[in-house]
Amino acid sequence: MNIEDFPMLKEDLIYLDNGATTLKPQCVIDKITEYYTKYSANAHRGDYDISFKVDQEYEKAREIVRNFIHAKYKEEVVFTSGTTESLNMVAFGFFGKFLEKNDEILITQSEHASNVLPWFQLSKKLGIVIKYIPLDEHHYVTLENVKKSITPNTKVISLASITNVIGDERPIKEICEFAHQNNIFVVMDGAQSVPHRKTDVQDLDVDFLAFSGHKMCGPTGIGILYGRKELLEEMEPQTYGGGMNESFDSPDEVYLKDLPTRLEAGTPNIAGVIGLGEAIKYLEKIGMDKIEEYEKNLRAYAINKLICIPHLDILNIESDSGIISFNVNDIFSQDVAYHLNKYKICVRAGNHCAKILKKETGVQNSLRVSLYFYNTESDIDNLVDLLSNKEKIIEGML
Amino acid sequence: METREIIMNHYTSSPYKIKKEDIKDYQKISVQSDSCIDHLDIFVKIEEDKIVDAYFEGEACAIATSSCSILLKNCINRNFTEIQEFITNFENMINDCPYNEKQLDEAIVFREIIRQGNRKACAYLPYKGLKQILGKEL
């Protein structure tokens with residue numbers, strides 16, 4: 001649906017790599033262009049009209065984000081460069097301050113690198129222990145397995161709400177309830193879920209949430225860190241400099257601004273922030289429930305056809321999202337992707353930054369189709385048609 | 001043989017894509033593409049200024065795998081100067097500089113393929129690895 005809003009889809013492109021990034025609707029492109037052509041000033045310099053306009057648009061975008069994720073306060077919404085930076089800020093800026101040797105962090109083997117490597121680094125620095133919640137036979141996280149995994153030393157559970165290869169949705173609300181009863185913090189990597197369904201941080205009761213703008217029709221280089229206000233108050237900035245300080249005279253006399261500005265040092269990605277605000281307005285106009293339902297139906301349509309192809313090995317026949325990971329038997333995933341590219345079908349081949357997932361699935365690399373609301377049944381038909389003919393794939397991979 | 005046949009032979013049944021148990025006499029270099037998922041582990045056995053044996057492991061596409069196989073075939077029992085010449089000649093070919101076609105053996109099959117999208121990086125990946133080994137030796 002809404003194909004006509006996307007300039008990239010005016011060509012006969014079949015874009016099925018939405019887990020990596022999404023296409024941009026014209027309204028977002030226009031909004032960014034408007035900033036660069038009509039009021040291209042810096043933020044926080046309201047002495048003249050166009051800078052005042054920047055501040056207005058910038059803070060308007062923050063309010064749009066707050067409302068979109070149902071945060072209680074605007075101060076709980078921090079603009080970052082993306083999910084990766086947000087998760088690093090949580091790991092080093094918050095937990096780096098409080099965790100001690102032998103404290104335990106629970107993640108899973110299906111997390112994206114951005115929800116693994118910051119913890120690995122913290123483990124080397126502080127001597128904290130990283131443990132993996134066992135996944136069930138479908139590579140899902142169950143509340144039961146979370147309960148079995150905690151010990152008196154568990155301090156943090158950090159999980160993707162939807163994973164980027166298996167596409168399973170985790171029971172975050174139930175996990176938060178259980179975790180908080182046991183004084184454990186919950187960090188949610190929302191990169192693959194926030195663009196595709198409603199997010200309510202108060203209802204989930206999550207402590208921190210990270211997500212990226214470019215995976216939800218927004219510009220690249222912009223993302224969000226949400227944190228409960230009392231927790232963000234304790235967060236140590238990871239970047240110091242302009243914009244975030246109130247005053248300074250000497251190392252002992254540095255006074256920082258209030259939230260969220262103190263966590264947004266330097267000239268911000270103004271065009272990115274304003275573009276993200278517009279992207280969210282656009283998604284809300286379509287309706288997040290409608291997007292979720294459309295993607296689920298399209299996935300079901302795709303799976304019903306793909307399972308009929310005998311030489312396909314699908315990693316996640318069952319899944320809660322628009323992600324389908326598979327391999328063509330005996331053909332390296334990249335060669336298949338290369339073949340599909342000849343027909344302007346964009347899919348991703350690889351380990352998708354989930355490099356320890358192979359320990360769980362036994363599969364090193366795969367092809368990933370990740371859907372969004374502008375994909376159609378016709379896109380799927382074209383894909384299925386090409387994948388059905390194994391001989392043609394072998395012929396076409398060179 | 002046609003280009004396609006040469007590439008597919010080296011891709012599907014390379015005599016150099018093997019696993020060895022005893023690797024103590026071999027130097028290993030791992031190379032990974034920056035832009036895709038090609039990953040090669042190249043093992044070479046060096047005696048004086050010569051590569052006397054070589055093989056590779058890894059997961060990579062048809063182009064990277066066959067390119068590695070053809071490269072190693074042309075390195076075994078050659079000295080470093082000859083190998084360096086072979087590599088330079090290949091680099092010249094993929095960078096549109098004058099090159100000696102006869103010296104390239106089967107590596108000539110990549111002459112056109114490297115013009116397709118990202119395939120140049122795939123074909124060159126094993127060369128990047130071998131150069132790192134030679135850099136240590138020269």
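Computed from heavy atoms alone, side chains included, the values below leave out hydrogens, waters and symmetry copies. Reminder, nothing fancy here: chain letters follow the sequence lines and each chain counts from 1.
Side-chain N/O atoms of A:Asp381 and A:Ser378 include no donor and acceptor closer than 3.5 Å. Side-chain contact annotation: A:Asn365 with B:Glu59, donor-acceptor N/O pair under 3.5 Å present.
At a threshold of 4.5 Å between non-hydrogen side-chain atoms, the residues B:Phe80 and B:Ile51 count as touching. Contact annotation: the side chain of A:Lys390 approaches that of A:Asn329 to within less than 4.5 Å [non-hydrogen atoms, C-beta and beyond].
Side-chain rings of B:Tyr55 and B:Tyr26 approach one another, their centers coming within less than 6.0 Å.
Within residues 5-23 of chain B, the residues approaching chain A closer than 4.5 Å by heavy atoms are, in numerical order, B:Ile7, B:Met8, B:Tyr11.
Per-residue heavy-atom pair counts under 4.5 Å with chain A were compared for B:Ala60, B:Ala62, B:Cys36, and the maximum is reached by B:Ala60.
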For salt bridge (charged side-chain N to carboxylate O under 4.0 Å, His left out), just list the numbers for B:Arg119 and A:Asp335, CA-CA rounded to whole Å, side-chain angles, deciding distance to a tenth of an Å, and then say yes or no.
CA-CA 11 Å; B:Arg119 295 302 219 186; A:Asp335 288 322; 3.6 Å; yes
